[in-house]
Amino acid sequence: MTDDHAGVVPAVESTAADIAEMRVRGAATIADAAAEALAAQARRSEASSPEAFREELRAAARTLYETRPTAVSLPNALRYVLRGMEGASVAELQASTIARAEEFQRDLRQAQSRLGEIGANRLRDGDVVMTHCHSTDALACIEAAIADGKSIEAIVKETRPRKQGHIAARELREWGVPVTMIVDNAARRYLDRADHVLVGADSIAADGSVVNKIGTSGLAVSARERGVPVMVAAQTIKLHPDTMTGHTVEIEMREESEVLTDAERAEIAGDATDEGLRVENPAFDVTPPRHVDAIVTERGQFPPESIVVLMRELFGGSTGEPWEP
Ligand code: RI2
């Protein structure tokens with residue numbers, strides 16, 4: 001444990017490892033786990049003074065923040081919980097932090113179900129929806145449409161490299177939704193059969209650009225060309241406040257082993273260590289607002305270009321990082 005992580009409880013370290021290694025994944029699920037981890041830190045803290053407690057919580061937040069850079073739901077969750085840390089004694093600080101984390105988790109669940117109801121209004125009985133990756137916000141829209149008595153079919157892109165489309169397909173089949181699984185390269189061909197493209201988001205920038213799983217932007221371009229509307233389901237914790245002041249969203253680059261095994265590498269290059277063969281594995285891409293029809297949030301649906309209005313209302317002008325020393 002480095003000094004920077006002093007006092008951080010094992011539950012936080014293990015949640016951070018789970019997020020970094022994607023055993024816990026999906027922007028909303030990551031935010032939920034991060035809030036839970038801060039509550040665990042508060043509960044198990046052995047801090048001897050209020051200032052020591054605050055420093056421990058900041059160190060825990062930094063540990064979680066450093067796991068993955070792209071989904072803004074993570075820092076938004078950390079900020080929300082840390083800003084609710086109030087009290088003159090360690091016991092008061094513990095209680096307020098735990099209560100704030102629980103409030104965050106409750107709001108997250110409510111926001112997703114409200115978003116689902118709003119998104120479901122865009123889906124008609126008999127519609128075919130094409131999905132990319134696995135997004136709990138996107139699937140909440142399909143779940144709510146089914147609850148409204150609509151029949152929905154899904155074309156699920158497998159979503160290389162980690163094939164997270166399999167997770168979406170499994171959930172959809174649990175709900176009885178007929179699923180056609182396709183390889184990513186078949187998406188344009190199958191858009192002929194789709195009434196909507198429905199995806200989630202890891203971050204949404206102030207200009208309405210949508211940062212989501214790699215491949216989303218190509219899908220959106222094809223959908224626009226084919227006249228299929230693109231709907232992005234994203235709770236407001238996916239809004240990236242720093243983009244209001246000109247910051248860009250960092251795109252996570254992941255391990256090459258997600259793309260090529262050592263054996264495959266050796267087969268291609270003859271030698272597993274050949275430096276002439278490079279693999280790049282960006283986890284996300286940016287879809288410009290002109291290729292998106294609607295961003296559906298728990299606060300209603302927005303044309304992407306007007307999302308900044310909601311962002312200003314929710315986050316004000318500046319943010320700051322409460323975990324910075
Ligand atoms: P929900 C995921 O990222 C996908 O890109 C998905 O569209 C997005 O998070 C939002 O997911 P990753 O963690 O919050 O799988 O809607 O890399 O569940």
Side-chain angles (χ1 to χ4, degrees), residues 15-36 64-65 67-77 104-105 107-116 118-120 129-144 154 156-172 184 187 196-205 209-220 230-240 249-255 258-259 281-287 292 295-298:
T15 300
D18 284 346
I19 294 172
E21 284 150 39
M22 290 181 72
R23 287 184 294 275
V24 169
R25 55 143 295 277
T29 309
I30 289 170
D32 184 67
E36 183 71 45
L64 294 159
Y65 175 71
T67 53
R68 294 186 73 193
T70 304
V72 74
S73 51
L74 173 59
N76 282 346
F104 177 82
Q105 292 178 296
D107 289 354
L108 194 69
R109 281 191 295 277
Q110 278 171 3
Q112 189 166 79
S113 87
R114 179 72 192 126
L115 169 158
I118 295 168
V129 174
M130 185 179 287
T131 64
H132 182 67
C133 197
H134 168 259
S135 153
T136 56
D137 280 353
L139 292 191
C141 301
I142 297 180
E143 190 177 20
V156 173
K157 291 179 74 221
E158 65 178 352
T159 318
R160 284 274 291 158
R162 294 182 69 111
K163 294 191 177 167
Q164 293 162 310
H166 291 199
I167 308 169
R170 189 170 63 232
E171 243 168 77
L172 290 163
D184 296 309
H196 306 265
V197 164
L198 171 59
V199 297
D202 292 82
S203 281
I204 293 182
S209 295
V210 172
V211 183
N212 192 47
K213 183 56 38 117
I214 189 80
T216 304
S217 63
L219 175 62
V230 176
M231 163 177 173
V232 175
Q235 300 177 53
T236 53
I237 53 154
K238 316 284 178 67
L239 303 180
H240 203 306
V249 179
E250 184 182 340
I251 300 294
E252 177 182 8
M253 299 299 287
R254 294 192 62 83
E255 292 293 306
E258 292 183 346
V259 178
N281 182 20
F284 304 101
D285 64 19
V286 182
T287 303
V292 174
I295 298 175
V296 176
T297 78
E298 76 278 16

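Read the numbers this way: they start at 1 and go in the same order the structure lists the ligands and their atoms. Source: prediction; values computed, not measured.
At a heavy-atom cutoff of 4.0 Å, ligand 1 is contacted by the side chain of Lys238 but not by its backbone. With a 4.0 Å heavy-atom cut-off, ligand 1 is reached by no atom of His132. With a 4.0 Å cut-off on non-hydrogen atoms, His134 touches ligand 1 through its backbone and not its side chain. At a heavy-atom distance under 4.0 Å, atoms from both the backbone and the side chain of Ala28 approach ligand 1. No part of Ala71 comes within 4.0 Å of ligand 1, judged by heavy-atom distances.
Selection from Gln235, Arg162, Arg254, Lys213 by nearest heavy atom to atom 12 (P) of ligand 1 gives Lys213. Scanning Thr29, Ile19, Leu108, Thr136 for the heavy atom closest to atom 18 (O) of ligand 1 points to Thr136. In this comparison of Asn212, Ile214, Thr159, Thr216, the heavy atom closest to atom 6 (C) of ligand 1 sits on Asn212. Compare Asp202, Thr131, Val211 by their heavy atoms: the one nearest to atom 2 (C) of ligand 1 is in Asp202.
At under 3.5 Å, a nitrogen or oxygen of Ala27, whether backbone or side chain, sits near a nitrogen or oxygen of ligand 1. Among the atoms of Gly26, some N or O lies under 3.5 angstrom from an N or O of ligand 1.
Using a 3.5 Å distance cut-off with no hydrogens or angles, the side chains of Asp285 and Ser217 do pair a donor with an acceptor. With hydrogens and angles left out, the side-chain atoms of Glu298 and Gln110 include no donor and acceptor closer than 3.5 Å. In this model, a donor atom of one side chain and an acceptor atom of the other lie less than 3.5 Å apart for His134 and Arg25. Remark: the Thr136 side chain and the Gln112 side chain contain an N/O donor-acceptor pair separated by less than 3.5 Å.
Residues Asp202 and Ala27 approach most closely at OD2-CB, 4.0 Å, considering heavy atoms. When every heavy atom of Asp137 is checked against every heavy atom of Lys238, the shortest pair comes out as OD2-NZ, 2.7 Å.
Among Val292, Val199, Val232, the single residue meeting the side chain to side chain contact (heavy atoms under 4.5 Å, CB included) criterion with Thr216 is Val199.
Nearest to atom 10 (C) of ligand 1 among the protein's heavy atoms is Ala201 O, 3.4 Å. Among protein heavy atoms, the minimum distance from atom 16 (O) of ligand 1 is reached at Ser135 OG, 2.7 Å.
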